[in-house]
Student: 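I'd like to ask you about the structure that follows.
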Number of protein chains: 2
Amino acid sequence: MGISIKDIARALNISPSTVSRALNGAYGVKKETREQILEMAREKGYVPHLGAKELVNKRSNLIGLIIPETDFEVRPAFFETFPSLIKTLRMYGKETIMISLPPDRYEPGELPRICKARKLEGVVVLPGFLENHPVLRDVLDMKLAAVVLEESTQGRHCSNLGTDEVDGACRAVRHLIQSGHRRIGFVNGPRDLVYICKLRYEGYLKALQEAGIPFDARCVIDSDFTGRGGARSVLTLIERNPGMTAVFFANDLMAMGAIHALQEQGMRVPDQLSVMGYDGLFVGAYFTPPLTTVQIDHARIGISAAEMLMELMNGQTGRSRVVKPELVIRESVKILPSFDN
Amino acid sequence: MGISIKDIARALNISPSTVSRALNGAYGVKKETREQILEMAREKGYVPHLGAKELVNKRSNLIGLIIPETDFEVRPAFFETFPSLIKTLRMYGKETIMISLPPDRYEPGELPRICKARKLEGVVVLPGFLENHPVLRDVLDMKLAAVVLEESTQGRHCSNLGTDEVDGACRAVRHLIQSGHRRIGFVNGPRDLVYICKLRYEGYLKALQEAGIPFDARCVIDSDFTGRGGARSVLTLIERNPGMTAVFFANDLMAMGAIHALQEQGMRVPDQLSVMGYDGLFVGAYFTPPLTTVQIDHARIGISAAEMLMELMNGQTGRSRVVKPELVIRESVKILPSFDN
DNA sequence: CTGTTAGCGCCTTCAA
DNA sequence: TTGAAGGCGCTAACAG
């Protein structure tokens with residue numbers, strides 16, 4: 001099929017090893033010969049067979065990108081880390097192979113088998129597998145360099161990278177408080193299923209506490225991260241809490257669904273109810289009102305994930321890292337006049 | 001490192017070739033021996049080295065997924081084909097490797113080199129490379145099975161798969177006409193850069209023609225697929241066309257940006273201006289008003305792309321296929337009373 | 001500086 | 001039914 005090292009050796013009447021040396025390390029080959037070889041390689045369009053190299057070098061330069069086969073609507077921001085992640089890995093000479101795994105129906109041992117078969121050098125696990133999910137456990141057991149996004153999984157060969165969810169949520173709610181809101185609702189995601197929901201909840205509590213606002217369980221409701229869920233939940237919340245002036249949603253999608261539902265009921269946002277999102281979906285900017293939210297820098301996360309993986313592959317020990325999200329103030333939160341500072 | 005075929009041969013005091021046979025073709029091995037081998041393989045956790053297999057079998061089972069390194073906002077729906085595409089390929093025993101290429105700064109020959117080096121069996125090219133882009137030309141030259149999404153590139157080994165853009169746009173505009181609109185604006189994408197823009201334009205013209213509505217160039221404007229662009233463009237269009245009652249946008253993002261801008265100007269949608277989108281982003285459902293749009297079934301496209309690639313790999317000739325998009329009627333288009341049918 | 005030899009893990013003749 | 005030998009494309013160790 002393709003041109004091999006032998007072909008060009010034969011053409012030049014030299015040995016394959018010399019060709020190999022010229023093409024790689026370069027040292028220990030007469031300049032003249034090397035140039036001939038390089039020339040001939042170019043001429044014949046030689047491309048090294050990476051698979052064969054791997055066989056002898058024991059380095060595949062392959063990184064697995066593990067993505068959960070889940071309903072897309074749940075995490076639309078999900079794929080935004082891809083471009084920067086892949087690009088950064090490529091800068092390190094690593095290529096990315098996709099491994100799509102069904103969170104339900106996952107057979108333990110499947111992932112390790114794939115990794116062994118392809119001799120992957122590391123994996124990046126995208127969010128979608130819950131704490132202690134068999135996939136995560138296999139990742140830990142494999143003793144293969146791994147970076148887990150958003151979950152707290154960590155080990156000798158496993159780092160995790162997330163946003164500072166507690167801080168993000170806390171700042172969101174703090175912003176509401178600073179805008180004069182005291183009775184603040186919280187529509188969370190599925191707290192028992194998704195790790196970050198716990199953290200966002202923590203942030204909510206923390207901000208209230210700081211401000212000396214007593215916690216009221218009636219202000220909090222667990223939902224499902226969908227627009228419809230957000231709509232349903234906000235309506236429930238309003239009914240339960242007549243004095244509530246603002247609601248913090250654990251993601252933008254729910255916030256958007258809620259705003260829509262409220263407007264359908266003839267309520268004005270933010271005049272009658274302020275809404276705070278979380279995620280920073282860019283479509284939020286085109287909402288009416290434009291959604292105030294907490295923005296996650298996905299491109300940055302992709303880069304960091306790649307870098308952390310390289311660290312691990314260089315023998316460093318697994319660690320934890322969080323990037324701080326950013327508060328994006330748009331127009332869905334009203335500043336209550338009495339607190340106008 | 002890992003367990004090899006030899007290890008299990010030695011443990012059983014038989015030859016590696018027998019083990020190989022037992023593990024693969026299975027024929028020509030005594031049932032008893034085979035069972036011993038299988039048992040031992042399981043016990044030792046044997047996993048075949050795919051790279052080594054490839055070396056002898058000449059089949060890598062690797063498919064390249066070519067994605068353009070572009071600004072994310074431009075095509076948010078972009079990644080929605082991923083899950084189904086990867087999953088389907090996996091069902092065919094193929095794994096997916098990501099190849100991210102910069103549309104500008106692309107060096108011709110780069111892609112073929114990557115494909116050769118990894119011995120890829122085929123590629124799927126995601127949208128983002130314009131007609132006749134060097135990447136597309138290389139794809140054609142490689143004579144490797146390839147499925148190109150959205151562009152019309154085709155060849156002996158190259159199929160293309162898109163949605164029926166003309167039909168989609170035509171149906172969108174037809175819906176506006178049936179709702180009683182006559183003077184209908186069109187905010188297109190960058191027509192000179194993105195192939196589908198031409199098709200959507202065609203559909204727009206076709207629908208007008210069908211209805212006997214004369215074309216007016218002042219009703220059409222090329223924009224850039226962003227929310228801000230849509231906002232700017234709709235304002236221009238309104239100024240130029242006082243009698244205009246509806247606008248068709250070549251993507252949802254622009255439609256959303258436009259709706260937002262209109263509402264900021266105090267205009268009501270759809271009462272004063274009807275808006276039609278294109279893409280079917282699910283967040284559109286949470287807009288106020290919920291966006292009427294043309295929906296593309298990305299999951300279906302992923303599946304079809306995989307299947308078309310397999311066809312090509314089985315020796316069939318490149319072909320063209322379009323899937324029909326679906327009109328999703330929500331509330332951003334007003335039915336004008338006079339035409340109430 | 002260069003060629004020879006051996007082997008990575010696997011499969012496929014060809015013989016036994 | 002099984003084993004031995006050879007080779008896929010490449011590199012590393014050892015001679016020369």
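Proteins come first, then strands; the chains are lettered A, B, ... in the order of their sequence lines, and each starts at number 1. The analysis underlying the following values was restricted to heavy atoms, covering all of them including side chains, and did not include hydrogens, waters or symmetry mates.
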Student: For the pair A/Glu69 and B/Lys87, find out whether any cationic side-chain nitrogen is under 4.0 Å from an anionic carboxylate oxygen.
Tutor: yes

Student: Which part of the nucleic acid does A/Pro48 contact within heavy-atom distance under 4.0 Å: base, sugar-phosphate only, or nothing?
Tutor: sugar-phosphate

Student: Out of C/dC10, C/dT13, D/dT11, which has the shortest distance to the side chain of B/Ile5?
Tutor: C/dC10

Student: Centres of the A/Tyr106 and A/Phe129 rings: under 6.0 Å?
Tutor: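 Between A/Tyr106 and A/Phe129, the centre distance exceeds or equals 6.0 Å.
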
Student: Please pick, from D/dC10, C/dG9, C/dC1, the nucleotide with the shortest atom-to-atom distance to any side-chain atom of A/Lys30.
Tutor: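 Nearest listed nucleotide: C/dC1.
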
Student: Is the phosphate of C/dT4 approached by A/Ser15 (side-chain N or O, under 4.0 Å from OP1 or OP2)?
Tutor: no

Student: Given D/dT11, is OP1 or OP2 found less than 4.0 Å from the side-chain N or O atoms of A/Lys53?
Tutor: yes

Student: Tell me whether the OP1 or OP2 atom of D/dT11 has a side-chain N or O from A/Asn24 closer than 4.0 Å.
Tutor: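 For D/dT11, OP1/OP2 do have a side-chain N/O of A/Asn24 under 4.0 Å.
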
Student: Would you please confirm or rule out a distance under 4.0 Å between OP1 or OP2 of C/dG3 and any side-chain N or O of A/Thr18?
Tutor: yes

Student: Determine: side-chain N/O of B/Lys58 to OP1/OP2 of D/dG9, distance under 4.0 Å, yes or no.
Tutor: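 Affirmative; the distance criterion is met.
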
Student: Is there a side-chain polar atom (N or O) of B/Lys6 under 4.0 Å from OP1 or OP2 of C/dC8?
Tutor: yes

Student: Check this one for me: any side-chain N or O of A/Ser20 less than 4.0 Å away from OP1 or OP2 of D/dG9?
Tutor: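 No, outside the criterion.
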
Student: In a check of side-chain contact (heavy atoms from CB on, under 4.5 Å) between B/Met40 and each of B/Val19, B/Ile8, B/Ile14, which one passes?
Tutor: B/Ile8

Student: Taking atom CG of B/Leu101 and atom CD1 of B/Ile114, what is their separation to the nearest 0.5 Å?
Tutor: 6.0 Å

Student: Within the pair A/Ser17 and D/dA12, is there a side-chain N or O less than 4.0 Å away from OP1 or OP2?
Tutor: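 It does not, given that no N or O in the side chain of A/Ser17 lies less than 4.0 Å from OP1 or OP2 of D/dA12.
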
Student: So which nucleotide from C/dG3, C/dT2, C/dC11 ends up closest to the side chain of A/Ile14?
Tutor: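 For the A/Ile14 side chain, the nearest candidate turns out to be C/dG3.
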
Student: When the nearest nucleotide of DNA chain D is assigned to B/Ala52 and to B/Asn13 on a heavy-atom basis, which residue is associated with the more 5' position?
Tutor: B/Asn13

Student: I need the CD-C1' distance between A/Glu32 and C/dC1, as an integer number of Å.
Tutor: 12 Å

